[in-house]
Every structure is written in C-alpha cells, then in structure tokens.
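Numbers here simply count residues along the sequence, with the first being 1.
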Amino acid sequence: MQDIAAAPAIAAVHPLDPLTSEEIAAACNLVRACAAADSCRFPIVRLEEPTKAELAALDGGQTLPRRAFVVSLDVQNGESVEHVVDLGEPSIVSRKPVPNQEAPYGQPPVMLEEFFRCEAAVKADPGWRKAMHRRGLTDKDIELVQVDPFSSGFFDLPFERGARIVRAVSFFREHPQDNGYAHPIEGVVAVVDLIAGKVIDLTDADPVIPIPRKKRNYGAHEMTAPRTDIKPLNIEQPQGPSFTVDGWKVDWQKWSFRVGFTPREGLVLHQLSYQDGARKRAIIHRASVTEMVVPYADPTANHFWKSAFDAGEYGLGMLANALELGCDCLGNIHYFDVPAADSKGEPFVMKNAICMHEEDYGILWKHYEFRNGLFEVRRSRRLVISFFATVGNYDYGFYWYLYQDGTIQLECKLTGIIQTAAVAPGATYPWGGMVDDDLGGPTHQHFFNVRLHMDIDGGGNDGGGNTVSEHEFVPRPWGRDNPHGNAFDTTSRVLSRERDAARIANGETGRYWKISNPNVKNSVGASPGYKLVVNPSPLMLAQEGSFVRSRGGFATRHVWVTPFDPAEKYASGDYPNVHAGGDGLPRYIQQNRPIENTDIVVWHSFGHTHVCKPEDFPVMPVEYAGFALKPVGFFAANAGFDIAPDRNAKSVLSGDTPAGAAGGGSCCHGS
C-alpha cells in the first residue's frame, strides 16, 4: 500500500490558484446581499483568472486583484446575473444580466437541486402518471421509477424561448439499485419548467411499447461467478514519487505547471513549461476541455432532442468524482481536494477530485549495436494528472500525460452506461444496435473540444507571438528530380487569418499542424515548435441546418485558431443550455482576425462515433479519444537522452525466478 498525499486546505498564494472556501463564501455573501436571498442560487462560482499580460506584471513586483466570477439565478423568476467580485475590497465591481430572454437565449447550467425538482414535478403530473398506467405500472411502481432530467436542446418551440427547461425520460426499477437503463419507458417525454416547477409539455406516444423487464445489474454484490485467477499487481515506489507539490504548483522531472479547476471545465493546467538546460521554456499558458456534446441519431420521441453539452449545460467540474486508491488511480498518489460552491453558495470540499501519479510507459528509446555489443535501453515514465466526471448515465475520465521527452497528451476515457431504447418484442432497432432482448442502444457521437492557449517560448508577450502552419505529404510526379518515383514532398502553409484556420484532418495526406515561435531560432536555424498529433476522429454527422449542428458548430472542424480574447472562453459559447445556436467558435472566427505571430488559442475538436453493441451493456468498457502535442524543433536533441539507466531494476520470470536465470535479463529503467 502506497502513501496517499492530499491537500486538505490550500491557501491561495498565486493569482491562478482556485478560490478557497473562504473566498467562495465571501463572494457568494456579497452577491446574496444584493439579491432575494431565499431564492438566490449559484450555478457558477469560479476564479476570475488574470490574463497572461496581467500575470507578466508580477515580474515587476506589482500585485493583482483577487477576483471571483459569480453567476446568480433567481429560482422564483428565472433572472440570472453575472457578477465580478473583488475579494480584496471586498465589493462587486461589475454586474451584467444574462440576456436569456432574447434570441439566441441561453441559460446557466442545470444545478443538482434541479434534478430533484424535476423528478418531483414529473411524478406529480397527472398526464405522466396516466402514461405510466398505460404501460402497466401501478402507483407503487411509479414511486420507484427513475426520472432522468436531460438538457432539452432547442427546436424553436414557443415554450423553449427564454425558458429554463429540461426534458425528462423515465426508466422502470424493481428496487432502488436496479439498473433502470435495462428498463426504458419508451414514448414518454416530459418537458419541465424548472422555475414554475411543473410539466409544461408531455409526449405520450402510440403505439405503447412494452417495458423490457430483463434484469441487467452490474453491482459487485450481484456477481455470481467472478474471476478467481487474477494475481495481485503491486506498484511500489519505496522512495516516494519523483514529483514535488507546493500548494497548486507541481514540478516533475523537467516539467513545471500549476493545477487549476473550474465548475465547467474541471481540471485546468496553467503555465506548462519545460526546463531545457539553463532555460525554463514556456509551452502552454492554459489548457482545458471547455466543452463536449453528445448528439443522438434516433429521430423518435425519446431521443431526437438528446444532444447534451456536458460541460456547458451541467459542468464537468461540478460533477467530478471522489477518486479512490486502487480503482481510478493506482500507485503512489497525490490527491488534490478542490473547494467548490453548492447551489446555495455554501462552500464545500470535493475530496480527492484530482489524482496525480507516475506510470511506467514502456520503452522510451533503445538500440542494440550488434557490431560492438553496445546495448542501451531506457524505459519511459509519464506523469498522469486526471479527474473523472459522471454526467447522468455516462462517466468520463480526463487524463493529461506529460512525458520525459517533452510530449504532452490528453486521453479521454468514455465509460458508464449507454442510453437505451425499448424495442417491441420481435422487432429490430433501426436507429442503432440491439444490446439485449427488446433493448436497443441509439447510435450517437461524442465530441470534445480542448482549448490550448499557446505560449511557445513566451509567445504573446513583448517581442512577438506564435504562428500555426499546416503541413501534409504529397507524392512528387515522375521526372528528372524523381527518376525512381520514390520521392515525396511536405507542403507547408502559414494560417494567417481565423477563417483560414478552421480545418479538417486528413489521414491520407498525413495533415498536421505546427505551433511555432517565429521570433526564435532553434539549433538548426528554424522556429521551435510543437506538432498537434490528431488521432482519427469523426466530425458531426447531423445535417446542415439542423439545430444540433448549429448549437455544436465546434464539432464541424477538427482545428480552429483564434487570437486570444478573454471573452472567448468556451467552444460552444458561454451559455449553451437551451440556446438557439450559432455561438462559440463559428461566431468567434467570423471576425476573421489575424492569427500570425500573435497571442493565439488553438482549439481541437475530437471524438468518437458509437454504434452500440451487446458488449456495451450493462456497463460499457472504456473507449478512448484524444490527441498529443509533440516537440518539433523545440529541443536540440532527444529530450529523453539524458535519462540514466537503472542498473538495479530487474525483470522477474514466472515463479519469482531472479532475472538473469533461465534467460532473464536486466532492465534499464528510466529514473
């Protein structure tokens, strides 16, 4: 068992540190004093972060105001207001109503207390109860029905415009721990006005499809034949981890960064840099996942509207899990506890919300020179910074990896339980895959968008910025300069304006993007940079002109580049909840601003198209999506070349035979 380090209460000592519990309480108290206290709620409370330029002033000895961004919601009348609070004064320095009564509308995210408010409203509605009776449920059965509040989407219906609503679907359960997703109640959808606390629209479709009754539970206590042949796998670091933690600041190997956290994005990495000899070199100023959307491809009543924006409509940070050793993380763990605000503005601590540990990652580099017997190999090690969020039925893990050779990677892990659809006995499901008897899983897509405020060698500060160029491989025609037909070329073009930079990946030509600093020269006279390595990823398949495509426009391109603007924080815009669409990246780039050699933000959309299958139920094995940033001309040589071999590390054969016996050998491990 490894030691577990946690941060029980970190005082804010740096302008980028998340708000403390005391700061959250102070900010909410100031806002509450200007509102109707009994009906005032707090969907968003976060640090109002200083900009890169403002942080640069710290080097001159200046101090920065400590500010909070607070959105209040009056649950009596639905009015929502943005506040910026100066915590040093203390005072409210700005106040701006959220214009959700005017097109294109938009609401603050759905709060956890509204989940329960929705269920109560649905179960009290006579029309919904009648629909349950039509499907053979008694009043006693109804008490156990699981009601899932789902962000409603937008279809320009009168009751949607400017309203704070959710759509609710229902699932039968025989007992509270029964897996309701095995028993969907098809054809019944309630629209709930969260301010009025009542159902304002109800679908009760014909024909009535019987509720699937086959049990598909997954709790360990219900497992009848668990595997018994798995031997223990222990990960030990007897001298402790190689990283050091000072509050929210982390140093590991040659990496340095600050940990942040917001209610919408969850984990944020600030001021990511690498020690290259005598120089501490900046790479990324801020990195986070700002949005994700999950559009469904079933056009029927229960599913056509499903397109949850899990970050903007709920908050990935607000739904973060408390992690446990040996399950979500394994090894010598450092946990970060995150202060947060509940819907009433009361501070609480999200225990173990962020997990950090080291992992072995196979071979970093190796060569055996048979001519002289020289054999060298180094194992790779990576630092993992992660958190998990549960958004209704799905669970999402966000894992940032830092490698010894300077590589940066984000891996998103998708698991949990799929949405399901009841299928009439003997029928097949046309909008996805059958996963069990009378049970279908709708085909859907998952799209993530990561926002990378780049800072290659100080780009964006005095003296210049960063530039993005696009490269791809093309065959060279036969000719005197290609007499054998084997030559091919790499094309290169600079993306100079925003509309030039809304781009789609192309695996056939190996298209990639390089973010570089044109004001600096590397060891071979070129510009140092990082390459965006895009994994195979779909784009949104919903039709042009559809509401979901308009609302999730960021998922129509793999790459976007904008000049930094503090008002442009999220790929889908500030308030995607019940928003008519057209906001976020497609709107930002209409300005067509210059993006060459300036302070830039690179946005990358990636994801997964999921056609459901029996293996995805009752709980889904992890699917992966993500990307990497790899140094290209950033270093003068292999940045992992200086890792010393660990001559004490030994491989062990089966039966605890020492390495070296019966063909075993030593392992040179990255230290």
Does the side chain of Tyr429 come under 3.5 Å of the side chain of Asp298 through a donor N or O and an acceptor N or O?
yes
Exactly one of Val166, Leu194, Val192, Val169 clears side chain to side chain contact (heavy atoms under 4.5 Å, CB included) with Pro149, and that residue is Val166
Would you compute the distance between atom CZ of Arg173 and atom CZ of Phe171 and round it to the nearest 0.5 angstrom?
11.0 Å
Quick one: does any side-chain atom of Glu160 pair with a main-chain N or O of Val578 as donor and acceptor, under 3.5 Å?
no
Parallel under 30°, tilted from 30 to 60°, perpendicular over 60°: which one fits the rings of His334 and Phe336?
perpendicular
Have Ser39 and Gln76 got a donor and an acceptor in their side chains that come within less than 3.5 Å?
no
Does this structure show an ion pair linking Arg451 with Glu265, if we count only N-O contacts that are shorter than 4.0 Å?
no
Between Arg46 and Phe69, is NZ or CZ placed under 6.0 angstrom from the six-membered ring centre and within 45° of the ring axis?
yes
Salt bridge present between Lys215 and Asp178 (N-O < 4.0 angstrom)
yes
Basic-acidic side-chain contact under 4.0 Å: Arg41, Glu113
yes
Do the side chains of Leu267 and Phe398 get nearer than 4.5 Å, heavy atoms only?
no
Looking only at the aromatic ring of each residue, does the gap between the centers of Tyr296 and Trp431 stay below 6.0 angstrom?
no
Glu346, CD: over 12 other non-hydrogen atoms inside 6.0 angstrom
yes
Taking all non-hydrogen atoms of both residues, which atom of Met540 and which atom of Gln445 are closest, and how far apart?
CA-OE1, 3.7 Å
Looking only at heavy atoms, the pair that brings Lys123 and Val147 closest together is CE-CG2, 4.0 Å
Cys355 to His357 - nearest heavy-atom pair and separation:
SG-ND1, 3.8 Å
Taking Asn449 for its side chain and Thr290 for its backbone only, find out whether a donor-acceptor pair lies under 3.5 Å.
no
Taking all non-hydrogen atoms of both residues into account, name the closest pair between Leu323 and Cys329 and its distance.
CD1-SG, 4.0 Å
Any luck finding a side-chain donor-acceptor pair between Asn393 and Gln419 under 3.5 Å?
yes
Just checking, is any N or O donor in the side chain of Asp139 or His133 under 3.5 Å from an acceptor N or O on the other one?
yes
Is it true that the side chains of Glu313 and His579 contain a donor and an acceptor less than 3.5 Å apart?
no
Kindly state each residue pair satisfying salt bridge (charged side-chain N to carboxylate O under 4.0 Å, His left out) with at least one member in residues 432-441, sequence neighbours excluded.
Lys214-Asp436, Lys214-Asp437, Arg216-Asp436
Are His610 and Met620 close enough that some pair of their side-chain heavy atoms sits under 4.5 Å apart?
yes
Which word best sums up how the rings of His444 and His446 line up, parallel for under 30°, tilted for 30 to 60°, or perpendicular for over 60°?
perpendicular
